[in-house]
Engineer: 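Quick one: the structure is below, questions incoming.
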Amino acid sequence: MTLDIGLIHMDEKYFAKKIEQKWQRKWAESGAFHAELTDDKPKFYALEMLPYPSGNLHMGHVRNYSAGDALAWYKRLKGYNVLHPIGWDSFGQPAEDAAVKRGVNPRTWTEENIVTMRGQLERMGLSYDWRRQMYAHRPDYYKWDQWFFLKMYERGLAYKKKTQVNWCETDQATLSNEQASGGLCWRCGNPVTKKDLEQWFFKTTAYTAELLDDMAEIESGWPASVLKRQSDWIGRSEGAFVDFRSADTLVRVFTTRIDTIYGANAVVVAAEHPIIAANRDSLSADVIAKVDAIIAENLKPKERDEEVEKDGIDTGLKAVNPFSHEEIPIWVGNYVMMDYGTGAVMSVPAHDERDFEFAKKFDLPIRQVISEPHMEHAHHAMQAMALEDAFTEYGVLVHSDYWNGKTSDIAKKEMTEFAEKHGFGEGATTYRLRDWGISRQRFWGSPIPMIYCDECGVVPEKIENLPVELPETAPFTGTGESPLAKVPEFYETNCPNCGKAAKRETDTMDTFVDSSWYYYRYTDAQNSDAPFDTTITNKWTPVDQYIGGDDHAVMHLIYARFWTKAMRDMGLVNFDEPFRRLLTQGMVVGETFFDDASGKRVYYKSDEVNVERDQKGRISSANLRSEIQNPKLLRYAIERMSKSKGNGVDPDEMVEIYGADASRLFVMFAAPIENELVWNEAGIEGAVRFLQRVWRQVYKWKSAAAVGSSEESSAAKKLRQKTHQTIKRVSDSFEELQFNTPVAALMELSNAIGDVGEPESADTATKAAVAEALNALVLMLTPFSPHVAEDLYSVLVGNENGIVANNARFPEYNEDLAKADEIEVAVQVNGKLRGRVFASPDATNSELESLALAEEKVAEHTAGKDIVKVIVVPGRLVNVVVKG
RNA sequence: GCAUGGGUAGCCAAAAUGGCAAAGGCGCCGGUCUUAGAAACCGGAGAUUGCGGGUUCGAAUCCCGCCCUGUGUACCA
C-alpha cells in the first residue's frame with residue numbers, strides 16, 4: 001500500500017501518530033493482549049503498581065509502565081503466556097478533597113479521571129489486558145474488601161480497640177504506623193500527632209515472625225535495600241523480661257543486655273506507664289507536673305531532625321533489682337516509650353548511651369559492670385573507673401557477684417535461665433511491628449461491614465448482605481469526622497442478629513486494603529461469587545515480576561505480604577509470598593522554583609522564572625520573570641515531578657509531539673531504571689532520530705533483501721557477528737531487568753548496518769546478512785517501541801500482520817555466528833600497549849605468545865632486555881614483562 | 001549519628017571473575033542539501049574514570065584514607 005503525495009511515498013517516511021493509531025486499533029480489535037490460561041506455554045505474570053486516578057499521568061507512571069510493558073513484550077516474544085493487567089486504586093483522599101474544595105462528587109471526579117487516564121495509557125500503546133481492569137471504588141470490588149474483613153474478623157485477625165493513633169492535622173485523618181513512618185504523614189509530609197481513638201485493626205503481628213523469615217524465599221528476587229527496610233521495620237530484638245519488685249507490684253522491663261543488670265542505677269518508665277497512673281495520688285506535685293508535661297510533649301508533632309533533650313524526674317518510688325537485691329529509684333524519663341517493649345527499662349548508664357546521657361544530666365551514679373577482657377583485673381582492683389562514654393560492647397562481667405569473669409554471651413544466657421528459674425523473668429523476643437490500624441474517618445473508602453447493636457454489641461454484617469454500599473453522597477466538611485456519620489440512610493440499619501434497630505460503623509477502610517489483594521482479582525476479575533476462583537488464581541500467581549516505586553517498601557509491600565499469608569491460611573492461595581521478584585524504579589525528578597518567605601512553599605513553573613546557570617549547568621540563581629524591575633529571588637531544588645510543584649512534564653504532550661514509541665524508548669534509555677532520573681527532555685530527539693533511521697534502513701533494504709546465499713563476504717560475516725552479539729546482549733539485559741543498555745546495543749547494531757554501505761553495491765551474502773540484522777533489530781525493538789516494530793516487521797515479512805499476528809519470536813542467538821573467525825589480540829610490554837596481532841579464536845596460549853613476540857613493535861621494545869614472563873589472557877591480550 | 005547506593009568528556013550514561021586504545025545518546029564543531037535557516041543525512045573533536053596512597057605484569061574495577069552527593073532511618077532499651 002503506497003500512498004503518493006507528490007513525490008513522497010507516505011510509507012517511506014516515519015509518521016509516529018499514524019502508525020501508532022493503526023496498531024493500537026489492530027491490537028484492540030484482535031484482543032492481542034488478552035491472556036487466557038493454557039497448558040502449552042509457561043505463564044508469566046508481569047505487574048506494575050496500579051495508579052491512583054489523580055486525573056493525569058505523570059512521568060513516574062510513564063517510566064514504571066514503559067519498563068513493565070517492555071518486560072511483558074520480551075516475555076511474550078520468548079514464548080510465555082503473559083498476564084499483564086492494570087486497574088485503578090480509586091479510593092482515597094484527593095477525591096474527597098475535591099468534594100470539599102469544589103463541591104464535586106468524589107465518584108464523578110474519580111470516574112472522569114479514570115476515563116482521562118485510560119486514554120493516556122492507551123495512547124502510550126501499553127499491552128494490557130483491559131478486560132481485567134479492577135476499580136477499587138466500585139461495589140463489585142469493595143464488596144470483597146468487606147468479605148475479607150469478615151473473614152479476618154472470623155479468624156481473630158480483625159479487632160477493635162481504643163488506642164493512641166497517629167493523627168495528621170493537615171489531612172484530618174488517622175494514619176497507620178507505616179503511613180506515619182519517620183513521624184511524617186506519607187501523603188502530605190507534615191509532622192504527625194497522636195490522638196485517642198477507637199479503631200479497627202488487622203493483626204499483622206500474627207505474622208511477624210513469618211514476615212521476617214519468609215524473606216529467605218524472595219531474597220534473590222527483591223532488592224536487598226527493600227528487604228532491609230522491611231526487616232528494620234519489623235524490628236526483631238532478642239532479650240529478656242525482668243521483673244523489678246516495687247512495693248506490692250512488679251515493674252517488668254525489657255532488656256537486650258541482661259548481663260549489665262548489676263550496673264542498673266534506676267528503673268526508668270514512660271510517662272504513660274500504668275505504675276504512674278496507679279500511684280498518682282501519692283506522687284508529689286512536681287512529679288505529676290513533669291509526667292503531664294512529658295505526656296503532652298509526646299502528643300505534639302516533631303520535626304524530623306529534632307533532637308529531644310533528655311528529661312525526667314525521680315518519682316520517689318523504689319524498685320528492687322532481683323539479681324543484686326539492691327533498692328533503686330524509679331524515674332520517669334521522656335526517652336522511654338510506652339509502645340515499645342514494656343514501657344519500662346532498667347537504666348544502665350555505663351553500658352547504654354541513652355542511660356549514660358540521662359545519668360550525666362541528673363547526676364546519677366554510673367557503675368561499670370562490663371569490662372574489656374584485658375582490663376578485667378584492673379576493674380576488679382579498682383572500685384569504679386570514670387567512663388567518658390558508655391561502653392556498649394560485649395566484654396567480661398565485673399562487679400557482678402557470682403557472675404564475675406563470665407563473658408557477656410554466656411552471662412546473657414545463664415542470667416536469663418536464672419531469672420526464669422526463680423520466676424522473676426524470662427527470655428523474650430520483641431518486635432517493633434504493630435498491628436495495622438485501618439479505620440479512616442473518610443467517606444471515599446470501603447465501608448467497614450460492622451454493626452453496633454444495643455442488645456448484641458458489635459455484630460458483623462451478614463455475608464449475603466454485602467456489599468455495604470456507600471451512599472451517593474454525604475456532607476463533606478474536611479473536619480476529620482466521618483461523613484457517613486451524618487447520613488442516617490447509611491448508618492441506620494437493623495441488627496443482623498436480633499433484628500432490632502442498630503447502627504453501622506461509619507468509618508471506612510484504609511485504601512491500602514484495596515491494594516493488598518488487587519493483583520489476585522486481576523486473575524479472575526469478573527467473578528461475582530468470590531474475590532476470585534482459587535484454582536484459576538493459583539495458576540497465575542504468584543506475580544513473577546512486580547515493578548514500582550520503593551516508597552512503598554514498608555507500606556503496601558508489607559500489607560500485601562501479610563494479606564497473602566492470611567489468604568493462604570484461609571485456603572485461598574497455596575504459597576507464602578505474593579511477589580517473586582521486585583524491581584524498584586527510581587523517582588523521576590525535576591527542577592523546582594519556589595518562594596518560601598511566607599513559611600509555605602509557593603511554586604512557580606520554569607517558564608515563569610529567569611534562571612542563571614553555572615558552568616556545570618547547575619542553577620546559580622533564579623528570579624521571577626514577571627517582576628523585572630524588582631526581581632524576586634526564588635529558591636530552587638530538585639524534587640519529585642508533580643503538577644503542583646510546577647515541574648511536571650505532561651506525558652500526553654510528549655506523546656503528541658514525539659510519539660509513544662520514541663517517548664517510551666527515550667525514558668528507558670535515559671538512565672538505569674533503578675536510578676533517580678533528573679528529567680531533561682533534550683535527548684528525546686535522539687530517540688526519534690534512531691527510530692527514523694531504523695525505518696529508513698528497513699525501506700532502503702526492503703527490495704534488496706534477497707534470499708539465497710553465496711560466499712560469505714567479510715562485511716557480511718562482520719555484520720552477522722554483530723547481530724548475534726547484540727541478540728545475546730539484549731536478551732541478557734532483559735533477564736537482568738536492564739532497560740537502558742539494550743537500547744544502546746540496538747543503536748550500535750543499527751550503526752553497523754549503516755556501515756555496510758548501499759544495497760546497490762552489496763553482494764548477495766551481505767544482503768542476506770542485512771536482512772537478518774534488520775529482522776533481529778526490529779524484533780528486539782518491540783519491547784520499547786512496539787508500534788513502529790509491528791509496522792516494520794510487516795514490511796520485512798511482506799504481509800500486514802506484524803509481530804503479534806505472525807506469532808513472531810525473539811531472534812535466536814547463535815554462538816558460532818557471534819564468534820569471529822579471526823580475533824585481534826592486544827600485545828603489551830610492561831602493561832603498555834605496543835602492538836596487536838591477529839589469530840584464530842582457537843589459538844593456544846603459546847601460539848599467541850610467539851605471535852606476540854614476533855610482532856615488530858613488540859620486538860623493538862623487548863630487544864636487548866630480559867623477558868621475565870609472558871602473561872596470556874586467551875582471546876584478549878598478551879603482556880610481555882621485561883627487565884633491563 | 002547509623003545504614004546503604006553513587007562520583008567515568010559540557011550533560012545522561014556503558015564497560016562478567018582486574019585484561020585491548022574506556023560503549024551508546026544528547027550537546028558541540030565541520031560538511032552535504034537549501035536563496036537562507038531549520039530538519040535530515042555524512043563526518044569529526046572531546047576522558048591521565050572525585051582526590052591521595054597501596055596491591056598487581058596489568059586497576060574505572062580490589063584494599064586503605066579523604067572529599068562530595070543521593071536515599072532510608074533514628075531515643076526500639
Side-chain angles (χ1 to χ4, degrees), chain A residues 13 181-183 223-226 228-229 232-233 235-237 239 253-257 260 268 304-310 333-337 339-348 351-355 357-358 430-432 550-551 553-554 586-587 589 615-618 638 665-666 669-672 674-690 692-693 696 729 732-733 736 738 740-751 754 823-833 835-836 868-883:
Chain A
K13 199 153 162 44
S181 169
S225 59
V226 172
K228 168 114 183 24
R229 279 175 65 189
D232 285 353
W233 184 257
R236 184 191 184 105
S237 173
V253 306
F254 176 69
T255 178
T256 53
R257 292 297 302 273
T260 65
V268 185
R304 179 151 231 157
D305 288 322
E306 203 176 317
E307 279 277 331
V308 180
E309 204 182 330
K310 298 262 177 313
N334 64 343
Y335 69 103
V336 180
M337 293 175 300
D339 55 7
Y340 183 77
T342 59
V345 301
M346 60 180 201
S347 169
V348 185
H351 305 291
D352 180 280
E353 282 167 23
R354 294 151 302 184
D355 296 339
E357 201 188 315
F358 195 68
T430 62
Y431 297 91
R432 186 172 176 270
D550 72 351
D551 40 341
V554 292
M587 276 194 294
V589 298
Q615 295 204 315
K616 285 234 156 201
R618 292 194 200 110
I638 289 185
L665 184 77
F666 173 65
F669 178 57
E674 66 275 7
N675 281 19
E676 182 178 272
L677 173 60
V678 181
W679 186 252
N680 178 355
E681 208 163 303
I684 191 165
E685 295 189 2
V688 179
R689 276 204 284 269
F690 170 64
Q692 280 171 342
R693 183 183 164 90
R696 263 198 322 276
R729 269 176 76 185
D732 286 354
S733 298
E736 287 161 27
Q738 286 180 2
N740 55 330
T741 48
V743 178
L746 295 179
M747 287 173 172
E748 282 181 53
L749 181 57
S750 169
N751 289 344
I823 53 164
E824 212 176 318
V825 176
V827 186
Q828 301 177 333
V829 178
N830 284 352
K832 282 209 174 76
L833 188 82
R836 45 187 62 251
V868 182
K869 62 174 161 177
V870 179
I871 290 133
V872 180
V873 182
R876 287 180 178 266
L877 65 68
V878 178
N879 187 14
V880 184
V881 185
V882 296
K883 222 169 92 182

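Residue numbers start from 1 in every chain, and the chains themselves are labelled A, B, ... in the order their sequence lines are given, proteins ahead of strands.
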Engineer: Name the nucleic acid region contacted by A/N751, choosing base, sugar-phosphate or nothing; use a 4.0 angstrom heavy-atom cut-off, strictly under.
Structural biologist: sugar-phosphate

Engineer: From C-beta outward on A/T256, which listed nucleotide comes closest to its side chain: B/rA13, B/rA77, B/rA40?
Structural biologist: B/rA77

Engineer: Hey, does A/V336 reach any base, or is it just sugar-phosphate, or nothing, if we go heavy atoms under 4.0 Å?
Structural biologist: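 Base contact.
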
Engineer: So which protein nitrogen or oxygen atoms get under 3.5 Å of nucleotides 55-61 of chain B's nitrogens or oxygens?
Structural biologist:
{"from": "B/rC57", "atom 1": "O2", "to": "A/N879", "atom 2": "ND2", "distance (Å)": "2.3"}

Engineer: Under 4.0 angstrom, heavy atoms only, what part of the nucleic acid is A/R432 near: base, sugar-phosphate, or nothing?
Structural biologist: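 Contact class for A/R432: base.
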
Engineer: B/rA21 P sits how many Å from A/L877 CG, rounded?
Structural biologist: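 From A/L877 CG to B/rA21 P: 8 Å.
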
Engineer: Quote, to the nearest angstrom, the C1' distance that separates B/rU61 from B/rA16.
Structural biologist: 11 Å

Engineer: Would you please classify the geometry between the A/W679 ring and the A/F666 ring as parallel, tilted or perpendicular, with 30° and 60° separating the classes?
Structural biologist: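 Perpendicular.
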
Engineer: Considering every strand and a 4.0 Å limit on heavy-atom distances, what is the contact class for A/S225: base, sugar-phosphate, or nothing?
Structural biologist: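 Since no nucleic acid heavy atom lies under 4.0 Å of A/S225, the category is nothing.
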
Engineer: If you look at every strand shown and take non-hydrogen atoms under 4.0 Å, does A/K310 touch a base, only sugar-phosphate, or nothing?
Structural biologist: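 Answer is base: heavy atoms of A/K310 come under 4.0 Å of a base.
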
Engineer: Partner of B/rC28 by Watson-Crick or G-U wobble geometry, both contacts under 3.5 Å, or none?
Structural biologist: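 Paired with B/rC28, as far as the under-3.5 Å criterion goes, is B/rG44.
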
Engineer: Pick base, sugar-phosphate or nothing for A/M337, based on heavy-atom distances below 4.0 Å to the nucleic acid.
Structural biologist: base

Engineer: For A/M587 and B/rU69, what is the distance between atoms CE and P respectively, to the nearest whole Å?
Structural biologist: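 Going from A/M587 (CE) to B/rU69 (P), I get 17 Å.
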
